[in-house]
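Following: one structure in structure tokens, then a few remarks.
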2 protein chains.
Amino acid sequence: VWVSYALLEQHFAKIGRLQEIEAIVEWDQAVNMPASAGPSRAEAMATLSVVWHELLADPRVGDWLQAAAQQSELDVWQRANVREMRRLFTRARAVPLPLVEALTVATKNSEHAWRQLRQNNDFAGYAPYLEDVVARTRESAAALAEALNLSPYDALLDAFEPDARANEIDASFASLRSFLPGFLQHVLAKQGSLEVREPLGPFSTAEQRELGLQLMVAVGFDARRGRLDTSHHAFCGGVPRDVRITTRYDEADFSSSLMGVLHEAGHGKYEQGLPEAWRHQPVGNPRGMVLHESQSLLQEMQICRGKEFLSFAAPKIRAAFPRSVAEQPEAFTLDNLSRWYTRVRRSLIRVEADEVTYSAHVLLRYDIERRLIDGTLRVRDLPEVWDQGMRELLGLTTLGDDRDGCMQDVHWPAGLFGYFPLYTLGAMVAAQLFATFQASHPEFATELSRGEFGTLNAWLLQHVWSRASSQSTRDILIGASGEPLNPAFYQAHLRTRYLA
Amino acid sequence: VWVSYALLEQHFAKIGRLQEIEAIVEWDQAVNMPASAGPSRAEAMATLSVVWHELLADPRVGDWLQAAAQQSELDVWQRANVREMRRLFTRARAVPLPLVEALTVATKNSEHAWRQLRQNNDFAGYAPYLEDVVARTRESAAALAEALNLSPYDALLDAFEPDARANEIDASFASLRSFLPGFLQHVLAKQGSLEVREPLGPFSTAEQRELGLQLMVAVGFDARRGRLDTSHHAFCGGVPRDVRITTRYDEADFSSSLMGVLHEAGHGKYEQGLPEAWRHQPVGNPRGMVLHESQSLLQEMQICRGKEFLSFAAPKIRAAFPRSVAEQPEAFTLDNLSRWYTRVRRSLIRVEADEVTYSAHVLLRYDIERRLIDGTLRVRDLPEVWDQGMRELLGLTTLGDDRDGCMQDVHWPAGLFGYFPLYTLGAMVAAQLFATFQASHPEFATELSRGEFGTLNAWLLQHVWSRASSQSTRDILIGASGEPLNPAFYQAHLRTRYLA
């Protein structure tokens, strides 16, 4: 039986190493690859992916798992490792190969069509592609649901966040849904009387990069085990020993890149804090997207947009852009920067949204995608439903503007259903973790204004990063904060920051 | 039978795609990876390599090859493809797995030890590592020799240059060996009376990079299908649609990087000129290291160090470094740059050697490595034999200086035997190709002084690049120049450039 467990570790290490290669090449694709190499690279990546999928679905894995399950000598991490292996194995075998291929083809065609048709605001032209993706996703979700004994939507959630259940998400989102519209009104009314001076550029890419690197290292990202590069969409990729953060620079506005780098640094610190001893094993992976997003949002939203951090960062920001400061000193005061970094505005685009309205975008997408998956909403009705939701949640219309309406995100065109709600769950967990930490570390506000992150990072390492996938998200959260997810923390944070 | 051939193409395309991934990750390792990620990356790369080796040695390949061999409908490229597949399959199965692993371990330990012990000039400490590598290489060569029906050394050559045979190399090198010492004396005597002004820096990395990019594109490297980056050792990596050239910048001397970029651009143009239709198939690969090196040396040595090219490049060089030119205009004249780029000096280090003395370094290594492989020379006697050879060929001694003597190159520590002679064969082929081209294109000298490479690149595309591995190196050379390798071209080139 020990032999079975050892064989499992060996087998999954092989898969993990191939996934390490995949992570580096994916980063390369976004950062370095000339566009003309795209089709060839896509073929190569598909081949590599098939190789490790075949290893994952190897029937011998099932035999080894069965033998290892009867093994009482395994320690708690080894048992958790077996549990994770079983989850991955079950998922890998649940969907018949022809269906996997049909979904791959559908999403590939759809994403390709979307890039062009979104530009043209052509929803009618795009709808058949998305219909195909939804149909294949529903078939795939049904197969997964049967194998996992879950509802189809929960089976999709499980790919990104194990143990996430729609009925629990509904409960967490219900109070937010009633809270948000009224809260937003209050915030907008309050901010209406505040003047914000936008710092004016140009801010050179080199200066922005230098500032980003400096603050990224200051918050605790280990630059000897990672890099900062440029890509069209910001992300945190690579592997724990070699974390690859990317950002995009806008010479007219340094804030998007700076907060972006700090957001990705939050992801990166989680990766760097995963236990080295379990590298390449499933139990050594980050727990799921909720905790991952909680780490980036704790960094960016809870900390870096707050006044204590800005009192540390403002002198460095001023030093980075001496010409702009000389021309416009009032835009670089702590008070103005703080107002600028917490400015709330209704807007159409999720990825440009502020902390308050972001959740409204998520609530809309969560509702819609559940109905697409359970079959009660047809793709063709998306523009109307989208417009209606935007009017209710944010008071904006998208009629006739599908480009900035239901066609704005790549998620659905790429077949990512069950992902959107995790952003807001991450924001809630971030608020809960940070509130708990602050309650037991009253000295941290002072530390933060001096740019000292040691206490916080040690606490996160102990309670989140080093746990990897050895426990559920729920148990990690209870271990850290004493209770399961409690949306009150998030609302309290919003009230304190925006209405106090 | 057609089915067998189709299966072979499919199977080798899978291998080719995984090798494409490997090429990108190898480039990443040299260009981007933080050092601390090295051990983890090495494991991941080894896993990927095992995956494609297993595919290559799959016994089914043997069955398909046998069936495809009886197929008369295959066209000439398909037959060549089968021939290349057989060669790769035979090599992959020739060496028993335990021996492959023993050699891998030996070279890994040896390369690691070499990095430190070379610094310390500690040959005695290093010798046992190299002895192990030589012993395992001899065993491996014996196994390959039996499977390929070749001598052991020829079996090693065949890995880098199919069909290369030591007895033919001996014939090509014999006249060079008698020509070189006397020729070198004449050149040194002639150059002794010429004054060369070394351009003085600093030359900023950014300015050097800009100049390198400009001339790299001017000679015909397609920058939309490739990149130029920085790494510790210059190389040309990546894949035909995405060729990754690297260089290293020395702010005190722009010439090493500039000529390095142009050298690698020669390799890169070959890769970019390979036939798209045979991508990922063995017949679509570059023919071997001799032709590959011939393309880089044709670019760098035949063309870019010649006066016609320099008359085109000199104004661009002057424009790149205005401060240095203002301080030292006489160093940037065409005549001085030309003298500087063709200066010949006796020196200990191969990679820093000029065009004339480089071959002497190769002759020395070729002699020694053949004797190491046939067992007539013991590793412990290397320092003495090296010193003796250096005194004969270049009039220099390395007694007591093994660091810059027999320990200077990574090749043997890394288990690369059968590689060194290919550099000089490449130089000979470069001279033969360029002389043939010039004879039929008398207008090219004028084109070259205007920086026009279209005629040359079209000729190389037709006669070399587009042939890929469809013919032998010998047949490609006959097709291009009308005769097999003729070392007289190389000696004629040297005489014209250095004594005329």
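Here is the naming used below: chain letters follow the sequence lines, and residue numbers restart at 1 for every chain.
A donor-acceptor pair under 3.5 Å links the side-chain atoms of A/Arg227 to the main chain of B/Asn32, judged by distance alone.
A distance of 9.0 Å separates CD in B/Glu20 from OG1 in A/Thr47, rounded to the nearest 0.5 Å. Taking CG from A/Leu18 and CG from B/Leu48, the interatomic distance works out to 6.5 Å, rounded to the nearest 0.5 Å. Here the straight-line distance linking atom CZ of B/Arg225 with atom OG of A/Ser40 works out to 11.5 Å at 0.5 Å rounding.
Contacts between B/Asp229 and chain A at a heavy-atom distance below 4.5 Å are absent for every atom of the residue. For a residue to count as touching a neighbouring chain, one of its non-hydrogen atoms must lie under 4.5 Å from one of that chain's; by this rule B/Ile24 touches chain A with the side chain only. With a 4.5 Å cut-off on non-hydrogen atoms, B/Glu43 touches chain A through its backbone and its side chain both.
Ranked by heavy-atom pairs shorter than 4.5 Å toward chain B, the options A/Ser36, A/Gly16, A/Gly226 are led by A/Ser36. Ranked by heavy-atom pairs shorter than 4.5 Å toward chain A, the options B/Ala13, B/Ala223, B/Ala44 are led by B/Ala44. Interface check for chain B: of the options A/Glu22, A/Met45, A/Arg224, A/Arg279, the most heavy-atom pairs under 4.5 Å are formed by A/Arg279.
Heavy atoms of other residues, nucleotides or ligands lying less than 6.0 angstrom from CD of A/Glu276 number more than 12.
Residues of residues 235-251 of chain A lying under 4.5 angstrom from chain B, judged on non-hydrogen atoms, are A/Arg241, A/Asp242, A/Arg244 in numerical order.
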